[in-house]
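Below, chains carry the letters A, B, ... as their sequence lines are ordered, and counting in each starts from 1. Since this is a predicted model, take the numbers as computed values, not measurements.
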There are 2 protein chains.
Amino acid sequence: MELAEASDRLLVAAERLYYTRGIAAVGIDDVRAEAGVSMRRLYQLYPSKEHLVAAYLDARDVRWRGRVAAHVDAAGDDPGERLLAVFDWLGLWFAEDDFRGCAFINAFGEIGGDSPLILAAVRRHKDLFRDYLVDLARAFPTDAPEVLAAGITLLAEGAMTVAAIGTDPDAAAHAKATAHVLLDAARR
Amino acid sequence: MELAEASDRLLVAAERLYYTRGIAAVGIDDVRAEAGVSMRRLYQLYPSKEHLVAAYLDARDVRWRGRVAAHVDAAGDDPGERLLAVFDWLGLWFAEDDFRGCAFINAFGEIGGDSPLILAAVRRHKDLFRDYLVDLARAFPTDAPEVLAAGITLLAEGAMTVAAIGTDPDAAAHAKATAHVLLDAARR
DNA sequence: GGCAACGGAGAACGATCGTTCTCCGATGTG
DNA sequence: CACATCGGAGAACGATCGTTCTCCGTTGCC
């Protein structure tokens, strides 16, 4: 098996297992077995579990933000509608069968600051998501798009948290309604 | 040593160690050693690590909500000021040296749904916090206090998340400013 | 004093897991 | 064919950890 294919299969297996069962609960051998890759290959590609987890997070970051952006783009050109579409997508995500919260918040909870590699991957993802929301807010007619984006970011992160824990089944709808209030207040 | 004293010492040690280093990273023996309690006593009081962790979370829930409520009470009688005081307290908390995010969100990330006992403790805490915010919102002159409280809850949870991960050093201030917008929009 | 129950200290056990090593067959080259 | 290289399969190793067990001194009761 070639390196590239082994890497792909490992990342697919890692995403499925680590996300649904947690990072600590999934052994290197579980990922290896599901990917159908030998130990040798795995350690050749990722010299430690930490590296494999960081690679999984980076791959998930790209896919996740891609899905958000696709849904936002499908919502059209109106900047307000585009910002609100983020919450519609969150609602669809929360309703998925295998939804288990934000993989990055969960990873942070599991690893905390113990692994610089993983912490960096988590920060990178959250920064990129926030940057994306700032971009969306800059298209909105307001005098302080950064302030608006900060509020939208907090609502989105809060919705992910309460949806994961299961406290509020309508977290996405509540976040969207609140975001609507923010947009109305910010509109120039 | 009496049972009650052993239990107290265990919970104090558990809170310090589990919160600062994470649940999986701290062994039963670490807690036992810091508390100065024998293995026998520990397993007599808490028949498994799961039970000890759940007890730690319940104890922390009481202390944490007590601290929030004390700060809110110190803010006076005005319902708007009291709601905003929640975010002031979050800011103080985020700035503490040993701040490592919300213990309950972290615990959820570590354990996920694998432990019914721990999941229940996490949900209980988040429900009680939300109930508290609903109470504060009911004192505010608005036609839909539940909707207001939902928005405030999402902002608070989001602030905890981004403050923990370290994406936004001013998370509490941003959340407070956003909450202010919500209050103005909701005021009857 | 004799004895039974208790509990402290910490070793022992068993399981899990990250990482490395060994064995061996396949493959390509002279 | 002879040989060297590679990589797959999976055993082995070493560490960690939750839980239980053993040993032994103390205490309270008759």
Side-chain angles (χ1 to χ4, degrees), chain A residues 1-57 106-107 109-112 114-119 121, chain B residues 1-57 106-107 109-112 114-119 121:
Chain A
M1 188 187 302
E2 287 165 25
L3 286 178
E5 187 192 346
S7 182
D8 283 351
R9 294 169 67 118
L10 283 170
L11 291 180
V12 168
E15 175 157 5
R16 204 182 73 75
L17 293 176
Y18 285 144
Y19 179 66
T20 56
R21 285 163 45 192
I23 292 169
V26 171
I28 280 264
D29 198 60
D30 297 332
V31 178
R32 184 208 62 74
E34 171 144 338
V37 167
S38 72
M39 274 274 132
R40 243 187 143 88
R41 271 279 189 245
L42 190 156
Y43 274 92
Q44 192 177 351
L45 286 160
Y46 303 104
S48 75
K49 180 172 180 175
E50 194 183 346
H51 286 81
L52 177 59
V53 171
Y56 139 63
L57 290 174
N106 291 345
E110 279 200 68
I111 316 295
D114 289 3
S115 160
L117 225 52
I118 294 176
L119 182 59
Chain B
M1 185 185 305
E2 289 164 22
L3 286 177
E5 187 192 346
S7 183
D8 284 352
R9 295 169 66 118
L10 282 170
L11 290 181
V12 169
E15 173 156 7
R16 204 183 73 76
L17 293 176
Y18 285 145
Y19 179 66
T20 56
R21 284 163 44 193
I23 293 169
V26 171
I28 279 264
D29 197 61
D30 296 331
V31 178
R32 184 209 61 75
E34 170 144 338
V37 167
S38 71
M39 273 277 139
R40 245 187 140 88
R41 271 278 189 249
L42 190 155
Y43 274 92
Q44 192 178 351
L45 287 159
Y46 304 103
S48 75
K49 180 171 181 176
E50 193 183 347
H51 287 82
L52 178 59
V53 170
Y56 140 63
L57 289 175
N106 291 345
E110 280 200 67
I111 315 295
D114 288 4
S115 160
L117 227 52
I118 295 177
L119 182 58

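Straight-line distance from the CG atom of B/L45 to the P atom of D/dT19: 14 Å, rounded to whole Å. Atoms CZ (B/R32) and P (D/dT20) sit 16 Å apart, rounded to a whole Å. Between the CG atom of A/L42 and the P atom of D/dA9 there is a distance of 13 Å, rounded to whole Å. What separates NZ of A/K49 from P of C/dG18 is a distance of 4 Å, to the nearest Å.
Here D/dT19 is the nucleotide among C/dT19, C/dG8, D/dT19 with the atom lying nearest to any side-chain atom of B/Y43. Across D/dG7, D/dT20, D/dG18, the shortest atom-to-atom separation from the side chain of B/M39 is found for D/dT20.
Closest approach of A/S7 to A/Y46, counting heavy atoms only: OG-OH, 2.9 Å.
Residues satisfying the side chain to side chain donor-acceptor pair (under 3.5 Å) test with A/D114, not counting sequence neighbours, are none.
Both B/R40 and A/A24 lie close to DNA chain C; mapped to their nearest nucleotides by heavy-atom distance, the more 5′-ward contact belongs to B/R40.
The NE2 atom of B/H51 lies 12.5 Å from the CG atom of B/L42; values are rounded to the nearest 0.5 Å.
For A/R41, a side-chain nitrogen or oxygen approaches OP1 or OP2 of D/dG7 to under 4.0 Å.
Counting non-hydrogen atoms under 4.0 angstrom, A/V26 reaches the backbone sugars and phosphates but no base.
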